[in-house]
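Some notes on the structure that comes next.
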There are 2 protein chains.
Amino acid sequence: MLNSSQMNRRLSTKDFVYFEIKKRIIECILAPDQPINEEYLATELNISRTPIREALQRLEIEELILRLPNGRLKVAPISIQEVEEIFHVRSLLEGLIAREATTKATSNDIQKLGQFTKLIVTAANNDRGDEVVYYGSEFHSYLYQISKNKTANKILNQLNDHISRYRRLGPIKNNERSRNAAKEHLEMFEAISHKNPDKAEKLMREHINNSLKAAVHTIEVHLQQNIDENN
Amino acid sequence: MLNSSQMNRRLSTKDFVYFEIKKRIIECILAPDQPINEEYLATELNISRTPIREALQRLEIEELILRLPNGRLKVAPISIQEVEEIFHVRSLLEGLIAREATTKATSNDIQKLGQFTKLIVTAANNDRGDEVVYYGSEFHSYLYQISKNKTANKILNQLNDHISRYRRLGPIKNNERSRNAAKEHLEMFEAISHKNPDKAEKLMREHINNSLKAAVHTIEVHLQQNIDENN
DNA sequence: ATTTGTGTAATTGTATACAATTATAAGTGT
DNA sequence: ACACTTATAATTGTATACAATTACACAAAT
């Protein structure tokens with residue numbers, strides 16, 4: 001019984017709810033550790049519990065939500081260990097994607113990647129960190145497409161949802177990191193356009209490992225702030 | 001309304017159904033491409049559609065089942081490309097696990113791994129291929145435990161479900177591969193017990209890549225047989 | 001004061017009823 | 001015979017009713 005716009009668009013209620021709740025978790029509108037109530041969500045979104053439950057189950061499988069031993073749900077907590085694990089896995093898989101994409105890229109693909117690279121570099125030069133993140137994501141997503149590796153692709157998309165949430169915890173502004181990230185993308189682009197899969201893979205792994213350091217720092221600051229606030 | 005034994009054991013109906021259907025898919029009782037009917041399963045298992053649907057959704061997310069554009073479900077088809085993707089990802093993640101486990105392993109862990117290794121080698125020497133597979137899985141699972149890397153662990157478990165199904169397609173008997181696999185495990189064990197994470201990672205990757213070759217061969221034979229049968 | 005028990009409310013788990021969609025097959029016209 | 005409707009059945013999607021579990025508050029006992 002949604003007021004329309006979703007029903008028509010071949011997007012099932014369940015999927016609409018899934019994306020809606022996921023958005024709220026990633027944007028920390030639903031904060032880490034916050035308990036989740038099926039009935040409450042059903043009332044608020046004006047739909048029955050059935051699609052809510054199915055959406056929540058999906059989020060639970062993807063570990064953005066976790067189920068307590070008593071069956072209650074809560075938003076996944078912040079965990080530095082998890083962040084490190086995610087980045088380690090991501091580093092390897094993005095490296096694989098970079099390698100495969102380098103082999104498969106057409107001249108058109110390379111042109112497209114060049115455009116993204118330019119946008120990233122320009123954004124970094126103008127200290128627009130959020131744009132660096134945005135076009136950076138586009139760059140990576142485009143590599144996923146080129147590689148045609150559905151398995152790695154799917155895993156990476158899930159990991160990226162988690163990373164997006166962690167990004168929200170702290171201030172995005174880090175101009176030094178932005179400029180370094182831009183440089184790294186430029187180097188990766190050159191390796192790809194020169195058809196050097198080994199180098200592309202190596203640079204990509206290093207790139208992800210560098211952003212891990214920034215992410216961990218952000219989260220540590222966040223956790224420290226929360227400790228301070230409670231004292 | 002199950003005849004009891006499941007209800008009592010803290011295993012929800014939904015989870016029971018999930019494991020039950022997954023088992024049937026892995027064992028190819030539910031064959032690749034076979035359509036799936038909610039009502040039919042509900043009647044057969046003597047429960048309502050609700051937990052069936054939730055179990056099927058989970059299997060869909062894990063891609064053992066896929067949803068056609070019209071909403072109908074079917075068992076995931078056989079795909080050589082998917083197998084290759086899975087093994088490539090698995091190679092990297094098992095390598096990561098092997099590296100981390102090498103660093104973290106206690107002397108007790110190493111003793112345990114030594115026992116598994118011995119069982120694998122003995123089984124291979126006696127041409128008991130299924131035992132090689134079984135203890136091989138135990139060896140790998142134990143490394144997952146040692147590494148404590150939940151993220152990689154979860155992904156690998158899902159990939160392994162797919163691989164288990166592919167194994168079922170062809171005859172397991174391949175004594176040459178069994179003996180090589182045993183040798184590879186022995187070498188990995190030595191690298192781990194000598195606390196050499198680089199070597200452990202490298203050997204693990206090679207080990208997985210070697211089993212990919214055997215798996216692809218099995219599936220190609222299977223597909224060829226099916227073509228022959230239909231002519 | 002702390003614990004233990006008990007009744008009640010809140011929440012989740014499952015079953016069923018109903019709505020919406022899609023497939024199937026029979027009929028119609030050409 | 002073939003395409004095109006149209007009616008009907010089969011299937012999935014959603015809502016709701018009910019059962020089972022769990023949390024909570026308050027009382028009783030020590």
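Residue numbering restarts at 1 for every chain, and letters A, B, ... go by the order of the sequence lines.
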Requested in this report: Could you name each residue pair satisfying salt bridge (charged side-chain N to carboxylate O under 4.0 Å, His left out) that touches residues 144-160 of chain A, not counting sequence neighbours?
Outcome: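 Applying salt bridge (charged side-chain N to carboxylate O under 4.0 Å, His left out) to every pair that reaches into residues 144-160 of chain A, excluding sequence neighbours, yields Lys154(A)-Glu63(B).
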
Using the 3.5 Å cut-off, write out each protein N or O paired with an N or O of nucleotides 11-13 of chain D and the distance between them.
| unit_1 | atom_1 | unit_2 | atom_2 | d |
| --- | --- | --- | --- | --- |
| dT11(D) | OP1 | Asn37(B) | ND2 | 3.3 |
| dT11(D) | O4' | Arg72(B) | NH2 | 3.3 |
| dT11(D) | O3' | Arg72(B) | NE | 3.3 |
| dT12(D) | OP1 | Ile36(B) | O | 3.2 |
| dT12(D) | OP2 | Glu38(B) | N | 3.4 |
| dG13(D) | OP1 | Arg67(B) | NH1 | 3.3 |
| dG13(D) | OP2 | Arg53(B) | NH1 | 2.7 |
| dG13(D) | OP2 | Arg53(B) | NH2 | 3.3 |
| dG13(D) | N7 | Arg49(B) | NH2 | 3.0 |
| dG13(D) | O6 | Arg49(B) | NH1 | 3.1 |

Query raised in the report: What residues form a ring pair (Phe, Tyr, Trp, His ring centres under 6.0 Å) with Phe139(B), not counting sequence neighbours?
Result: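 Ring pair (Phe, Tyr, Trp, His ring centres under 6.0 Å) check on Phe139(B) returns His185(B).
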
Query raised in the report: OP1 or OP2 of dT14(D) less than 4.0 angstrom from a side-chain nitrogen or oxygen of Ser48(A), does that happen here?
Result: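 No, Ser48(A) has no side-chain N/O under 4.0 Å of OP1/OP2 on dT14(D).
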
**Report entry** DNA chain D: 5'-proximal contact among Thr50(A) and Pro69(A) (nearest heavy atom)
**Finding:** Thr50(A)

Donor-acceptor pairs under 3.5 Å, side chain of residues 66-76 of chain A to any protein atom, not counting sequence neighbours: which ones?
| unit_1 | atom_1 | unit_2 | atom_2 | d |
| --- | --- | --- | --- | --- |
| Arg67(A) | NE | Glu60(A) | OE1 | 3.2 |
| Arg67(A) | NE | Glu60(A) | OE2 | 3.3 |
| Arg67(A) | NH1 | Gly71(A) | O | 3.0 |
| Arg67(A) | NH2 | Glu60(A) | OE1 | 3.0 |
| Asn70(A) | OD1 | Arg72(A) | N | 2.9 |
| Lys74(A) | NZ | Asp33(A) | OD1 | 2.9 |

Requested in this report: Return the set of residues passing side-chain hydrogen bond (donor to acceptor under 3.5 Å, both in side chains) with Lys22(B) (not counting sequence neighbours), or none when no residue passes.
Outcome: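 Expected list: Tyr18(B), Asp161(B).
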
Query raised in the report: Can you name the residues that form a side-chain hydrogen bond (donor to acceptor under 3.5 Å, both in side chains) with Tyr135(A), not counting sequence neighbours?
Result: none

**Report entry** Distance, rounded to the nearest Å, where Asn46(B) contributes CG and dT16(C) contributes C1'
**Finding:** 14 Å

